[in-house]
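Remember, it's 1-based here, ligands and their atoms both numbered in the order they're listed. Every value quoted in this text rests on a predicted model; they were computed, and no experiment measured them.
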Amino acid sequence: MKKDKKKINHSLVGIIMGSKSDWGTMKHCSDTLKNFKIRHDVRVISAHRTPQRLHKYLKEAEKKGIEIIIAGAGGAAHLAGVTASITTLPVLGIPIESKLKGLDSLLSTVQMPSGIPVGTLAIGKAGSINSALLAISMLSTRYPNVLNKLKSFRSKFEKKVPNKPY
Ligand code: RP5
């Protein structure tokens, strides 16, 4: 169902990350959403360090009208998977770079057994930016103003690519 042009006064996206140390990566996600003027909130929530905070946050997120959760975590990165097991909101996962260059984070996030999906993006900054762009794309099917901004972004993006490599 398309949303009308009424101003949206609540966050549409919730960004969560396992540690404050993930912010350097997750900031790119927040900045991308800001560029599209998509309201979002940002929290440090860990699946293993603050499990109660995670449950409380997701309960409130659903009530507050958040539509998509983006979860970044590194190492044994189960935050996105645990989040997806608690909520029916779509969950996008960002593997954070780690001592193993993020390969551990990637496999921990992407290898969900069938039944509880996590839409996993690339390791690090690229994944962080793309998670925001994917969330924007998902929102664009319901919010015509978001669709217009996305189309304009894509058109500018294409123009930035040079025709020749030299
Ligand atoms: C994970 O452990 C976090 O998502 C972070 O990427 C990693 C390291 O956390 P810190 O030790 O830096 O707090 O849970």
Side-chain angles (χ1 to χ4, degrees), residues 8 10-143 146 149-150 153 157:
I8 302 150
H10 63 273
S11 291
L12 292 176
V13 179
I15 300 176
I16 59 178
M17 63 208 77
S19 168
K20 195 177 169 198
S21 66
D22 298 328
W23 177 236
T25 301
M26 297 309 289
K27 186 178 183 304
H28 298 290
C29 172
S30 174
D31 287 346
T32 306
L33 291 172
K34 269 187 204 153
N35 288 341
F36 280 79
K37 297 195 166 37
I38 305 287
R39 289 181 72 120
H40 58 283
D41 71 27
V42 179
R43 306 285 175 91
V44 174
I45 299 179
S46 161
H48 55 272
R49 289 172 179 158
T50 65
Q52 289 180 35
R53 197 186 295 179
L54 179 61
H55 280 264
K56 189 166 180 279
Y57 175 77
L58 292 173
K59 214 173 189 181
E60 284 166 8
E62 288 172 8
K63 281 194 202 139
K64 283 194 297 194
I66 282 180
E67 299 188 18
I68 300 161
I69 304 285
I70 298 176
H78 39 234
L79 178 61
V82 174
T83 296
S85 78
I86 298 168
T87 182
T88 53
L89 292 173
V91 177
L92 305 181
I94 318 302
I96 303 288
E97 279 181 33
S98 63
K99 285 182 183 151
L100 302 181
K101 296 189 188 296
L103 191 57
D104 45 354
S105 323
L106 173 66
L107 295 177
S108 303
T109 305
V110 78
Q111 286 288 42
M112 289 295 290
S114 87
I116 305 291
V118 168
T120 305
L121 285 298
I123 297 168
K125 180 179 173 183
S128 182
I129 292 170
N130 276 349
S131 70
L133 291 171
L134 184 53
I136 287 161
S137 186
M138 290 157 81
L139 293 169
S140 76
T141 63
R142 272 162 46 76
Y143 297 97
V146 177
K149 283 183 206 161
L150 183 57
F153 168 84
F157 192 74

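Looking only at protein heavy atoms, the nearest one to atom 11 (O) of ligand 1 is Arg49 NH2, 3.3 Å. The nearest protein atom to atom 10 (P) of ligand 1, hydrogens excluded, is given as Ser19 OG, 3.5 Å; this is a heavy-atom distance. Nearest protein heavy-atom contact of atom 2 (O) of ligand 1 is Gly74 O, 3.6 Å. Of the protein's non-hydrogen atoms, Asp22 OD1, 3.2 Å is the one closest to atom 5 (C) of ligand 1. Ranking protein heavy atoms by distance to atom 12 (O) of ligand 1, first place goes to Ser21 OG, 2.7 Å.
In summary, the atoms of ligand 1 found under 4.0 Å from a heavy atom of Ala73, numbered by their order in the structure, are 4 (O). For ligand 1, the atoms sitting less than 4.0 Å from at least one non-hydrogen atom of His48 are 14 (O), numbered in the order shown with element in parentheses. Every atom of ligand 1 is numbered from 1 in the order shown, and the set under 4.0 Å from a heavy atom of Gly18 is 3 (C), 4 (O).
In terms of heavy-atom proximity, Thr120 sits nearest to Pro95 at CG2-CG, 4.0 Å. Residues Arg49 and Gly18 come closest through the heavy atom pair NH1-O, 4.0 Å.
A salt bridge links Glu67 with Arg142: at least one charged nitrogen is closer than 4.0 Å to a carboxylate oxygen. A salt bridge links Lys64 with Asp41: the closest approach of a Lys/Arg side-chain nitrogen to an acidic carboxylate oxygen falls below 4.0 angstrom.
One side chain, Glu62 or Thr87, offers a donor N or O that lies under 3.5 Å from an acceptor on the other.
Surrounding NZ of Lys149 are more than 12 heavy atoms belonging to other residues, nucleotides or ligands, all under 6.0 Å away.
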